[in-house]
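Data block below; observations after.
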Amino acid sequence: MPLQGTVFNIQRFSTHDGPGIRTTVFLKGCPLRCLWCANPESQVLAPQLMTRDIKCTGCGACVEACSRGAIVLSVDHGRIIHRDQCDLCFECVDACLYKALSVAGELKTPESVMETVKRDEVFYRNSGGGVTFSGGEPLVQHDFLYEVLAACRQEGFHTALDTTGHAPPRVLEKILPLADLALFDIKHLDPAQHKILTGVDNKLILENARLAANITRTWFRLPLMGGVNDSEEEISRVAAMAREWGVEKISLLPFHQGGEPKWAQVGLKSPGFVGHTPDDEHVERLAQIIRDNGIVAGIRS
Amino acid sequence: MTTMRPKGNIQDKLVNKAVRNIRKGGNQEDPGKSMYQPGVKLDLQRSVLLTQAYRETEGQPMVLRRAKALDKILSSMDLYIQDHERIVGNNVSTPSGLYFGIDMAWRSVRRVVDQEEGKSLLDDAGRKTLDELIAYWDGKAMSDIQQKTFTGEILESWKFENSGAMSWSHWSELGIPDYEKVFKVGVKGLMDQARARLDEIDRTVPPDYVDQKEFLQAVLISMEATLKYAKRYGALALEKAAAATDPEDKARLESIARTCSRVPEHPPQTLQEALQSFFFLHVIRYIEYSTLGIGVRFDKVFGPYLEKDLKNGVLTRDQALELLQLLWVKFHELGLIYSPSLSAIYGGVASLQAITLGGVDENGEDVTNDMTYLVLECAETMRTPEPTIALRYHDGTPRELLSRATDVIKTGIGYPSFFNDKAILPLLKKWDAPLKDSRDYAISGCVYLEIPGKNIARRAYGGIVLPAALYYALNQGKSQFTGKIVGAKTPDPRTFQSADDLMDAYSAQVEFFAKRLCTLENTSQTLYEKYLPRPFYSALLEGCIEQGKESKKFTYPSAVVNLCIMIGPTNVGDSITAVKKVVFDDKKVSMDALLKAMDANWKGYEDIRQLMVNAPKYGNDDDYADAISAQVQTRTAQAMAKAKTRFGLPCRGDGSGLSATYAAGSIIPATPEGRYSGEPFADATLSPVFGMDQNGPTAVLKSASKTSTVDSYNHLMNQKFLPQALEGNMKEVFVDYIRSWGDLGISQIQFNVVDKQTLLAAQEKPEDYPDLLVRVAGYSAYFVDLSKGLQDSIIARTDQSF
Ligand code: SF4
Ligand code: SF4
C-alpha cells in the first residue's frame, strides 16, 4: 500500500503561516489537548464525521443511508447523530445533498497533496511564499511529512513547519533539515501551567525549541491569553530565550474566544475555556519588549 | 501654499448626479426613492438652443446643421464660474443640471418627468417648455426616425428585445479624442488642417467632393464655435475679476481668463492650460452628442506638463494636486438623464467616466511618472465614484505604483482596476490593431477598450444575456413569456446525447441573438451617420480631416469597434458543467426531470437542485468545471463573430456588465447551475457565480487564467476582499497577488473590499451568509460560526482599517 497521510484541510492563500502567499497543509493528530483549541477536528489521527447544523434541512436522507441506525430525526432537535453507534463508514456524508455532513480527515498520497500544492506556484514565486505544514501536530505523521517535504524541496518550494514541538528529538532531526522555516509554538514557560493548559509538560518542547533553532531558521509563535501567558515577565523570558538560541521572529497571536462551535461539530464537548483577549496596547508593549531584544515582532502574523 | 487653497474643503463642492438604482429590470424595487438625487434638475437649455438652430437650418445638409447647432449652443448657453473653480466649462446651464439629448430620444425622459420617479426634475414652466420642444422633435428625434425606418426583419429584431436574451439602446457612445495631437497643434492647427484639405479637394475634386466639402466646413464651424466658447469664458472670468474684492479671488479669476485666452486655440504651455484645454474639449464633446466616458491616458498626456511646471516653479506639487481635485469636481458635474430601464443598468453612474494610468508608450517603455502618483493621491483624497481609474499593468510596472494603488483600493472605492497589457496587447493584435496603436490602448468607461484618437467610437449598444441563450437552448427557442418561438429552433434537449449537444444548441442561440442585435445596430449606425454626424468629435480623431470624412463614414481598420456587453458566461459555464456531470456522466437525473424541476423553479425538486449545485463549479481551480467554462467563453465569442458590423467586421463582446447582471436575471427563469428564477447572474464575465468559489482567491485566479483572452473577448473580473486583506504587512501580499494575476495573463481585475455593512448583515441574518469566511488570529473560520463577541471584534477591526 502506498504511503498515505491523513489530511484534514489544505488551505490555499494562507498568509499568516510564514512569509508570502502559502498553501497550508493541515495534518491530523496531535499529542496536545489545548483548552482553547480552535481546530478540535485536528486532535485525533483518525477521520471524523463533522456536522454543520446550519446547513441541515432535516431531509432525513442521512437516516436512510446509515446502516447502523446511528442517525435519528427528532422534531425538536433536527438530525441527531449517536456517535457511539457510528462506525465512521461515511455513507451519510455522500447521502447528504446539503453539505451538512462532512468528513474531517482524508487519506491522501504525497502525490495528491503535491498536485494541490503545485497549483499556486506562481503565487509562491511572486510573494516569496511556499508551503506550510500544520496540524494538529504534523510531526505525528512524520513519515508522510518527510515524503511531502522532500517533494516540495524537489519543486523548489519554500517550506515551513508549524509545530507544537512535542515530538521525539530524532523526529525533529529527521524532518527539520527539509524545512526552510520552523514556526514553533511556545504556550507557557511554567511546566505546571503548561500541563494544565495543554495536557503535556513543556520540558521536551523547550528542549526541542533549542534543537529546532539549531537546525533551521526558527520563529516562535505565541498564542496570547490575557492573564494566562501574556505577562511582560513571561514575554521577556521567551524573548531572552529566543535571542540566546538565534530565533529570528516572535509572532504574537492574541486569543479570541470563538472556536467553540467546532467542538460540537465533531461531537465533542468544548472544554469551556474562557479566555480574555489581551488589549491592543498591551500586545504592542509586549511586541516592544521583543524588539528590544533585537528580535522581529509580529502581531497576528 | 495654504493661501492658494480654495475656501472650505474641495470635497464639499461635489454634487452627486448619479442615477440611482431603484429598479430591477422593469420593476421598481424601492418605491420610496426617486431615481434622481434631490436638487438636480433637467437642463433644457441645450434642447432649446438646438431646436432653434434646427428650425433655422431646415433643408440644409445635416452635417452643417449639426455644426451650426453646436455653434448656437456654445455661443448662447449660460456659462458659470463657481467661487472655487480653476478649471471651467460645463455642458449644462447650472451646476445642478442634467444633460438631455432630446435629439436622440425623448419619450422615456418624458415618462420620467411625468412620473413620481422624476417629478422634481422640472417645474411647471419647464414642463411647458418641454412640451413645446417635444412638439418639434416628435418624429424627428433619432428614436422616432429609427422606429419609422424599421420594417420587416429589422422590425422583428426590435421586438426581440422582449426575449430577455438581448437588449439594445440608443444611449451611450464613447470614444477617445487624440488629445496629444490637439495639444501639439491647438484647435487653430486643426482648423489649418481642415482648410488645407479643403484647398486640396478643390484641386483634386474627389467623387465625394460635396460630402467632403460640407464636412470640412462643418469642422471649421464647430472649431470656431469652440474658440468662441472659450473666449466667452475668458470674458466672464475677467468680468468677475473686475468685481472681485478679495485679491486671491481676483488672481484666481485672472488666471482663468488668461488660460481661456490661450486654450484650446493654442498648444498648452502649463498644466493648468493643458487641463483646461482638455476639459473644454471633453464637455463640448458631451454637448455635441449624447456621450459618456473619458479614456484619456492621464499620466501619459499630462505628466510632461506637470514635470515642466514643477521644474520651472510654475506650480508646487500641492497646487497641482488641488488643480486635479478641482477637475475631479468638474467631472462629477457631468450628469445626464437616464430612462427608467437604463437606470437599472447604469444605476450609480453619472456619466461613466474612466481615465487610464500606467502601461507602456509606443516603444514599450513604462509611462509611470509623477502624475500617475498625483492622480492616485487625488482619487484617495476625493473618493468620488467618477472618474474611475484603470491602471494598465505590465512587467515593468513599478512595485511602488502597485503599492500606492493598493492604498487607494483599501479605501473601499473599488478602483483602480487593473488591465493586463500581457493579455490585452495580444487580444488587440488578434483584432488586427498594429502594435504601435495597441500599446496606446485606454479604457474610456467601465472596461471599454479603445485606442485614443483612432476612429473607434465605442458604443455600448446593447447586450446579450448568455444564460437566456442557454434557457432558449433548453427550450427549443420558446419564449418564457408567450411560449412562441423567439430564438433559434434548436433540437429538443431530451434528444441530447451529451453536454456537447447542449453547447452546440447554446452557440446557435448566441449566434441567433447576436445577429439580431447586429442587424439593429447596423441599421441604427447608418441612421446615426445620416442624421447625427459629429463634425466636432471627428476633428479630434485621426483620419477624418485627412480624408474629409465624418467619423461614421469609415472605420478604424481593425475589429476594435462597437462591442456588445456579455452577461453571465460563468453561469452558463456552471450550468453546462452541472448538466454534464449530473445528467450525462453520473446519470443521476434525466434531462426530462431536470427540465421539469427548472420549470417548477425547483419547487418540489430541491434534491435535484442540490445535485446541480454540488456539481463542480468554476472558480475553484477545478479542471473539470474550468475547461467547460473556458469552452463556453470561446464558443460564445465564435458564435458572436458570425454576426458582422456594417463594415464587415466580426461582432465582439465586452465584459462591462455594469449593474445589468443584476437586472438581467430578473426575467430569466431557473438555470441548471441551481439558480432560481429571477436571481442575478455573476457580477462579471470572469467572476465565479456568487458564493461558488470555495477555495480562496488564488484558486479563482487560476480558474480565470484557463479562459483564453485571445480566443474570447474583453473581460471583467471582480474580486472581493475583506479590508483586513490589505492591511499592514498584508499589503505586500496583496501586491504580490496582483503581480501573480499579471503573470497568469488574466486581462482585468478589480477589487471589492467587503465592508462593515456586509458583516453586520451577516450577523443579523446568518442563514444568508453561511459561507462568508473571515480571518481570525491564526486561523480562518466561517463568520456565522463565531461568537457574537468575536464577530463584534472583527467588525470593530474592520472599522479601524478605514
Ligand atoms: S441528509 Fe443532510 S440535510 Fe438531510 S437531515 Fe441529514 S444532515 Fe440534514
Ligand atoms: S458515518 Fe456511517 S455509521 Fe456514522 S452516522 Fe454516518 S452513515 Fe452512520
Side-chain angles (χ1 to χ4, degrees), chain A residues 9-17 19-24 26 38-39 42 52-55 57 59 61 96-100 116 119-129 134 162 183 185 221 223-224 251-262 264-265 277 280 298-301, chain B residues 606-614 620-621 623 694-702 705 724-725 727-730 732-745 766-767 769-771 773-791 793-794 797 800:
Chain A
N9 189 12
I10 299 183
Q11 192 190 330
R12 296 167 66 172
F13 196 66
S14 171
T15 50
H16 291 68
D17 301 324
I21 298 175
R22 313 187 68 82
T23 297
T24 302
F26 292 89
N39 289 330
S42 72
R52 284 204 73 207
D53 289 349
I54 194 166
K55 292 190 162 187
T57 64
C59 73
C96 177
L97 294 171
Y98 299 90
K99 297 196 171 161
T116 308
R119 287 181 171 261
D120 278 351
E121 187 181 353
V122 63
F123 298 95
Y124 310 152
R125 184 160 31 82
N126 275 305
S127 68
S134 183
D162 177 16
L183 304 169
D185 293 0
R221 304 231 284 182
L224 279 190
S251 303
L252 300 174
L253 310 173
F255 167 81
H256 286 279
Q257 197 76 36
E260 302 81 29
K262 269 204 176 171
Q265 288 170 13
T277 306
D280 288 353
I299 299 176
R300 291 189 190 89
S301 75
Chain B
E606 188 56 27
D607 47 343
I608 295 183
R609 195 181 90 89
Q610 286 301 324
L611 284 170
M612 303 309 277
V613 169
N614 292 340
N620 295 293
D621 199 6
D623 293 337
Q694 304 277 325
N695 289 347
T698 58
V700 172
L701 292 194
K702 288 296 298 294
S705 71
Q724 313 162 13
E727 268 170 41
N729 38 14
M730 285 301 288
E732 291 306 309
V733 166
F734 187 78
V735 169
D736 297 330
Y737 180 77
I738 294 170
R739 295 202 314 162
S740 307
W741 160 85
D743 283 355
L744 287 168
E767 62 282 11
Y769 298 85
D771 297 314
L773 268 180
V774 290
R775 185 80 198 180
V776 195
Y779 64 101
S780 287
Y782 288 109
F783 186 75
V784 295
D785 280 353
L786 303 173
S787 65
K788 180 158 187 310
L790 182 51
Q791 290 181 344
S793 85
I794 291 173
R797 261 199 280 152
Q800 282 162 17

* Between E732(B) and chain A, which part of the residue has a heavy atom less than 4.5 Å away: side chain, backbone, both or neither? -> neither
* Asked: Can any side-chain N or O of N614(B) pair as donor or acceptor with the backbone N or O of L97(A) at less than 3.5 Å?
  -> yes
* To do: Could you pull out the closest heavy-atom pair between K702(B) and D120(A), with the gap in Å?
  => CG-OD1, 4.0 Å
* Asked: Rounded to the nearest 0.5 Å, how far does CE of M730(B) lie from CD1 of I21(A)?
  -> 8.0 Å
* **Distance in Å, D621(B) CG paired with T116(A) OG1, rounded so as to fall on 0.5 Å steps** => 9.0 Å
* Asked: So which heavy atom on I54(A) is nearest to which on P766(B), and how close?
  -> CD1-O, 4.4 Å
* How long is the span from the OG1 atom in T698(B) to the CZ atom in R22(A), to the nearest 0.5 Å? -> 13.5 Å
* How far does CG of L701(B) sit from CZ of R119(A), to the nearest 0.5 angstrom? -> 14.0 Å
* Asked: Would a 4.5 Å heavy-atom cut-off, applied to side chains only, mark D743(B) and R125(A) as touching?
  -> yes
